[in-house]
Amino acid sequence: MARSLDVVTLRLFVAVCEEGSIARAAEREAIVASAVSRRIAAIEDDIGAPLLVRGRRGIRPSPAGETLLRQAREILRALDRLDAD
């Protein structure tokens, strides 16, 4: 997974989960939606499991996605604390 997992990808994944939409997350993070989608697909390919459940009412994290979301938030908070220090 290390190949496609980086800070930018983690931020994008968190944004998708919070926004419930790749398009809204892309807008929020000032990146094109196709790039967001490709980054998430790369992680899913690496781990061999879906991270998102796509439905009529938007996107939500799968069980694997919930685990990644929790850990991504912890990592991003730690990086923010490091920057602050």
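A quick note: this is a predicted structure, and the numbers were derived from the prediction, not measured.
Looking only at distances, no side-chain donor or acceptor of Glu44 sits under 3.5 Å from a matching main-chain atom of Ala49.
With values rounded to the nearest 0.5 angstrom, Leu76 atom CG is found 11.0 Å from Arg81 atom CZ.
Looking at Asp80 and Arg11, a side-chain N of the basic residue comes within less than 4.0 Å of a carboxylate O on the acidic one, giving a salt bridge.
Counting only residues at least two apart or in different chains, side chain to side chain donor-acceptor pair (under 3.5 Å) contacts with residues 50-68 are absent.
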Could you walk me through whether Ile59 and Val53 pass the side chain to side chain contact (heavy atoms under 4.5 Å, CB included) test, one step at a time? CA-CA 6 Å; Ile59 292 175; Val53 177; over 6 Å; no

Go through Ile40 and Leu52 one step at a time and tell me if the side chain to side chain contact (heavy atoms under 4.5 Å, CB included) criterion holds. CA-CA 9 Å; Ile40 292 172; Leu52 301 172; 3.8 Å; yes

Pair Leu68-Leu10, side chain to side chain contact (heavy atoms under 4.5 Å, CB included): steps then yes or no: CA-CA 9 Å; Leu68 179 60; Leu10 289 177; 4.1 Å; yes

Apply side chain to side chain contact (heavy atoms under 4.5 Å, CB included) to residues Val36 and Phe13 and explain how you reach the verdict. CA-CA 8 Å; Val36 175; Phe13 178 73; over 6 Å; no

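In terms of heavy-atom proximity, Ile22 sits nearest to Ala33 at CG2-O, 3.6 Å. Contact detail for Gly65 and Pro61: the closest heavy-atom pair is C-CB, 3.7 Å.
Contacts of Arg28 classified as salt bridge (Lys or Arg N to Asp or Glu O under 4.0 Å), with partners at least two apart in sequence or in another chain: Glu18, Glu19.
In this structure, Asp6 and Arg39 have side chains that are in contact, with non-hydrogen atoms separated by less than 4.5 Å.
Transitive grouping of hydrophobic side chains (ILVMFWY, heavy atoms separated by less than 4.5 Å) keeps Val14 and Val32 in distinct clusters.
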